[in-house]
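Note that the numbering runs from 1 along the sequence shown for the chain.
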Amino acid sequence: LSALSDRDAAAQLFATSFARGTELARARAHAQAALRPQLDAARALGAALVAARDDIATVRAAVEARRVQAAIEGLSAGGSAENTGGEGEEEELRLVGALQQKKEAYKNKTAELKHLKMHVGAMQARCQVGRPVPPRRPERLAVTRLTFPWPHPPAAPSVTASHA
């Protein structure tokens, strides 16, 4: 009876005592084994996203530094900041092109991670097959939005001079 007070001990007792429990435990172990590589891939992809974000910030800073340098050169030469040499524009175009490529790669990785996250969520749900759902505690429930049967909440009654 003491095994029933601990969730994991109760699941182990069920798995060893009944054929259905053994079947569920085997299915859960198989699902967890399939889940591990997916979780590792998601972690690696998350790390790649962080690195891609840092690369984008680095290239963006280089573009901004190039623009500031071109403005300073243009103003120190007595012209306006708009009249810079073709060499500086080529460098900026190269940096902007690299920035666009890195942004596109980042978007692709984000979409891939989103897909992987949905897949992992489904696999995690399969790992929970046969486990009892913990009861909801009322103190943990939160009201997200109040709805009223009328378009606006009723106005509070106002106190007028005639009622006072």
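- Annotation: side-chain contact (heavy atoms from CB on, under 4.5 Å) contacts of Ala42 (sequence neighbours excluded): Leu113, Leu116.
- Here the closest heavy-atom approach between residue Tyr106 and residue Ile56 is recorded as CB-CD1, 3.8 Å.
- Scored by the side-chain contact (heavy atoms from CB on, under 4.5 Å) test, Leu35 finds Leu39, Val120, Met123, Gln124, Cys127 as partners (sequence neighbours excluded).
- Within the structure, every pair that satisfies the side-chain hydrogen bond (donor to acceptor under 3.5 Å, both in side chains) test and touches residues 35-49, not counting sequence neighbours, is listed here: Asp40-Arg43.
- Partners of Thr58 according to the side-chain contact (heavy atoms from CB on, under 4.5 Å) rule, which considers only residues two or more places apart in sequence or in another chain, do not exist here.
- Distance check, rounded to the nearest 0.5 Å: CD of Glu64 to CG of Leu95 gives 11.5 Å.
- Residue pairs satisfying the side-chain hydrogen bond (donor to acceptor under 3.5 Å, both in side chains) criterion with at least one member in residues 108-121, sequence neighbours excluded, are absent.
- Ile72 belongs to a hydrophobic cluster whose other members, connected by ILVMFWY side-chain contacts under 4.5 Å either directly or through intermediates, are Val68.
- Sequence neighbours left out, the pairs with a member in residues 92-105 that pass side-chain hydrogen bond (donor to acceptor under 3.5 Å, both in side chains) are Arg67-Glu92, Glu91-Arg94.
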